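Working notes, beginning with the structure itself.
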There are 2 protein chains.
Amino acid sequence: MGSIEDAAPTAAPTAAPVHKVPHIERLAAWSSALQYADLPATVVEKTKDFFVDWYACALGGRHHPSVLAITAFAKDMGRVGEVGATSGSEILHEPETKISSAFAALVNGAASHVVEQDDLHNSSMMHPVTLAVAQDIGADGKAFITACVAGYDVACRVGEFLGPSHYAKFHTTATAGVFGATAAAARLLQLDAAQTLSALGTAGTQAAGLWQFLLDATHSKQVHTAKACFDGVFSAYVARAGLLGPLDILEGASGMATSMVPGKARPEPLVSNLGDAFSIMQSSFKWHASCRHTHASVDALLSIMRQHQLAFGDIKAVVSHTYRAAIEILTRSEGAETVHQSKFSMGFVLAVAAKHGRASVLDFTEAALADEDLRAFQKRVCMILDEPIEAAFPAQWQARVDVTTKAGVTYSEFVPIAKGDPGRHLTREELEIKALRIAAYAGVADTQVVKRTMERAWRLEDETSLAEFACL
Amino acid sequence: MGSIEDAAPTAAPTAAPVHKVPHIERLAAWSSALQYADLPATVVEKTKDFFVDWYACALGGRHHPSVLAITAFAKDMGRVGEVGATSGSEILHEPETKISSAFAALVNGAASHVVEQDDLHNSSMMHPVTLAVAQDIGADGKAFITACVAGYDVACRVGEFLGPSHYAKFHTTATAGVFGATAAAARLLQLDAAQTLSALGTAGTQAAGLWQFLLDATHSKQVHTAKACFDGVFSAYVARAGLLGPLDILEGASGMATSMVPGKARPEPLVSNLGDAFSIMQSSFKWHASCRHTHASVDALLSIMRQHQLAFGDIKAVVSHTYRAAIEILTRSEGAETVHQSKFSMGFVLAVAAKHGRASVLDFTEAALADEDLRAFQKRVCMILDEPIEAAFPAQWQARVDVTTKAGVTYSEFVPIAKGDPGRHLTREELEIKALRIAAYAGVADTQVVKRTMERAWRLEDETSLAEFACL
């Protein structure tokens, strides 16, 4: 490997030719060298917040048919041991067994992408891998946190590199996520820069995931995240064992850019501000259980109702001023015939929020679909394209909402930053509330276990081991 | 699922609207319903030939670093048992252990793609999966053969569908192969048409493999085949457990055609002559251990030498008249600095063939690289573009060779079909010779085991079980 420094553009023209270091080589070198001591306290705390949020989301998926099918495969194929075994990792929803790390990552990676309450969208990839590998090798809390931070940066930067034209065809959560999963596993395994680069090359040549499943509501979303986690573990472990991966899978002549986003890749984000601006700080939490495009509108509606002490029955009409993508996506599910669709109907979501004062995972139910009051309210909501809000998208997902009361008064509120986005991240109290709601939704009988696990997560940097982390 | 018949184009215009059945649904229905009794005897015999050929190739990869790394991963992650365990499958090069089927497929799928003597390129995908799954579930020889035939057809037809523009970017052996691996596993598991379609959908959304590894001679070729085998087993097993895959991963609006080969996919081959023309009959064996583009030239040279009783020392010059792709690919490695490169140098390959009367895996060695007689001969070989041969390519990989002796006589021979291609398939005697040469190359001490395994393969349809198939 060469130096991790790129060729300096200010070098004198008479200097000897320099090896142009591929961006991914610099990213691999940075990731493999990242130390816990390099992390600002705010980054450490935020990493724990996202870990708790992921843990809750993973609990939420425990009954989904895709998760059950993948769990059956894992237990059939994987090395399964008892609690107390010296190696092996937890399946969060079946902590009575231990299983080899690649399969724990596979199953937990599937489970965390079911309730669609995971962050956008990286901890659902990083945490299944870091937890599984850390449990397998006995890594401590600091190593775990460091690996998460490295994985976030690698996944987010590769996602930026691939850009929107890739996202239009491929499920970037998986195709970029597999790089983050690999980097996180590689960091925990203490791979050196060259091994990490090999692992990332192997990751990239496995990157896959198409949107076709959206057209018939099949289970590939869980397959994508599960397999990206598995493939990340695979890539790191085989690199440790000597398997060589391509050296420039991103920008090489037959790499991802050429083959998947010709002419559209954006190399700069791969290394800009590396080590200064940590990607995890720019991730978002989801507070509401509905489509992300409804969130600012829900925030605005609830704020108006709170400020003016309005009840569900007081409201005559709601207008959501929003951006074009929200209108396009939310119009498709306007009928809200299934629970899943109801989270993608602006009218239904605002009705739920107005009635319950929240739009949590507990509020989108079959009973809600049959609620005539909600259905009536739903019809009194409309969306309007707002040019300044459109201009701010997708950097910001804003909304302005007008609420007209039956008394004939109209209140308006603009929400520049949706709750959960950077600048309005969730508090730990809110994260715990959200986690317990998801646990309730998932039928977790003993919430004390969930609370104890969260307590342990809040002081993760002091833990010497993550063994038996989630004894549900 | 609808009928497997497509909408008849001759239906009266007043007929009720018919559901247009996707091609992949028809392919899945055919594959899931294929019976041993449907197979002509020639297809059964050819399937056994390819199985023996694959088995030998898999032995040949046993010492490669990529195979060792993937084996270490498999034994770390997989369910490992002893010989005699009631379930589990063999790693061909470590038959003293049994391992869960997905990992046997993973390891054997990697091993069979090392020596580059496997057929073009399907048994290296199908057989690792069919052997592993058949051993896992106790399927008999007839079920094994039927699953192989189904898998070949599905892989070849999807490969045709994706076409050359896909192959230019993606390693089709893997991206189409994963469909064949899935179909083969699904057939052995006796999945119904709907489950098989789900499995194929899940396979397609995992399809991956880029050519970047060719640029730095890294190990992704083995990763691609290994992972496609693993993913095929995964797709079939999770479909059996209830996981739903996209219904039209090939031609759906967000499927492989749109996302990977926009405007270039060719649907007809997916179903044309389904059940009449079996794809396995159109596969090729490799007789020589060199690049496929040298084969017809080697055949021609050896034929001339045989007919005219020429010795190595009699030859002054050789001209190979060939097609453009051969010249382009073989020119890159003309220096033949490594053993691998030496198989991609027309001059070196013809020198080896002239000296040894063959170009087997035993003849490309470090010693050969240092052989001054070979190096001198190599320089007396040239390639010339031949227009009629170019016009016949890629349907046929022909060559005409002119040999000029030191006595000043020139002999010429045209080879319309290279040895190993359909119409000139290898005999069983040749397959056994090839297998034993590869076993010798791979350092297999006890060739009796290899011979016994081949004997068993030749009467595969009579076997009630494939357990302990390869007790090396």
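All values derive from a computational prediction rather than experimental measurement. Excluded from the calculations below are hydrogen atoms, water molecules and symmetry mates; all remaining heavy atoms, backbone and side chain alike, are included. Chain A is the first sequence line, chain B the second, and so forth, proteins listed ahead of strands; every chain is numbered from 1.
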Query - Per-residue contact mode, A:Val223 against chain B (heavy atom under 4.5 angstrom) - result: side chain
Query raised in the report: So, do A:Tyr237 and A:Leu189 sit near enough that their side-chain heavy atoms are less than 4.5 Å apart?
Result: yes
Query raised in the report: What is the ring orientation for A:Phe103 with B:Phe230, classed by angle as parallel under 30°, tilted 30 to 60°, or perpendicular over 60°?
Result: tilted
Query raised in the report: What option among A:Ser235, A:Gly209, A:Ala72 has the most heavy-atom pairs under 4.5 Å with chain B?
Result: A:Gly209
**Report entry** Check: B:Thr71/B:Glu94 side-chain N/O donor and acceptor closer than 3.5 Å
**Finding:** no
Report summary line: Ranked by heavy-atom pairs below 4.5 Å to chain B, first place among A:Met256, A:Lys227, A:His224 goes to A:Lys227
Query raised in the report: With a 4.5 Å limit on heavy-atom distance, are the side chains of A:Lys98 and A:Ser89 in contact?
Result: no
Report task. Count the heavy-atom pairs under 4.5 Å between each of B:Pro65, B:Ala174, B:Gly245 and chain A, then report the option with the highest count. Result -> B:Gly245
Report summary line: Under 4.5 Å to a heavy atom of chain B? For A:His171 that would be neither
**Report entry** Engaged part of A:Phe234 at the chain B interface, taking heavy atoms whose separation is under 4.5 Å
**Finding:** both
Report summary line: chain A shares the most heavy-atom pairs under 4.5 Å, among B:Ser254, B:Gly255, B:Gly78, with B:Ser254
Report summary line: Most contact-rich option vs chain A, by heavy-atom pairs under 4.5 angstrom, among B:Ile249, B:Asp216, B:Asp248, B:Val238, is B:Asp216
Requested in this report: Using atom types as modelled and distance alone, determine if a side-chain donor or acceptor of A:Gln222 lies under 3.5 Å from a backbone N or O of A:His113.
Outcome: yes
Report task. Say whether, by atom type as modelled, one donor and one acceptor occur between the side chain of A:Thr196 and the main chain of A:Ala28 under 3.5 angstrom. Result -> no
**Report entry** For chain B, the option from A:Asp231, A:Thr258, A:Thr202, A:Asp76 that forms the most heavy-atom pairs under 4.5 Å
**Finding:** A:Asp76
Query raised in the report: Can you check whether B:Glu90's main-chain N or O pairs, donor with acceptor, with B:Asn108's side chain at less than 3.5 Å?
Result: yes
Query raised in the report: Which residue out of B:His64, B:Gln206, B:Arg240 racks up the most heavy-atom pairs below 4.5 Å with chain A?
Result: B:Gln206
Requested in this report: Under 4.5 Å heavy-atom distance to chain A, tell me which part of B:Phe73 shows up: side chain, backbone, both or neither.
Outcome: side chain
Query raised in the report: chain B: which of A:Ala102, A:Gly201, A:Gly242, A:Ala239 shares the most heavy-atom pairs with it under 4.5 Å?
Result: A:Ala102
Query raised in the report: If we only count heavy atoms from C-beta on, is the A:Leu27 to A:Phe161 side-chain gap below 4.5 Å?
Result: no
